[in-house]
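A quick note: this is a predicted structure, and the numbers were derived from the prediction, not measured. Numbers here are sequence positions counted from 1.
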Amino acid sequence: MPKILAAAADVVTEMPFSEVLLKSVLAYLSIFLVTGVIIGAVWLLGKATNKKK
């Protein structure tokens, strides 16, 4: 298994910096979007089940 990891570390990718930056920004935005949707769903669920009057 360590030989596979060493071989993977030796591979050089020819990806431009702008593409790396774009992919990282999209990854962060998707993380925040998913987190926001989960928080919103929990908030709506709590509001729908709240029976105080």
Residues that, via side-chain heavy atoms closer than 4.5 angstrom, fall in one hydrophobic cluster with Val25: Leu29
For Leu22, the rest of its hydrophobic cluster, which grows through side-chain links under 4.5 angstrom: Leu26
Please output the side-chain donor-acceptor pairs of residues 39-49 that fall under 3.5 Å, not counting sequence neighbours, one pair per line with the distance.
residue: Thr49; atom: OG1; partner: Leu45; partner atom: O; Å: 2.9
residue: Thr49; atom: OG1; partner: Gly46; partner atom: O; Å: 3.4

Listed once per pair and sorted, the salt bridge (charged side-chain N to carboxylate O under 4.0 Å, His left out) pairs that draw on residues 21-39, sequence neighbours left out: Glu19-Lys23
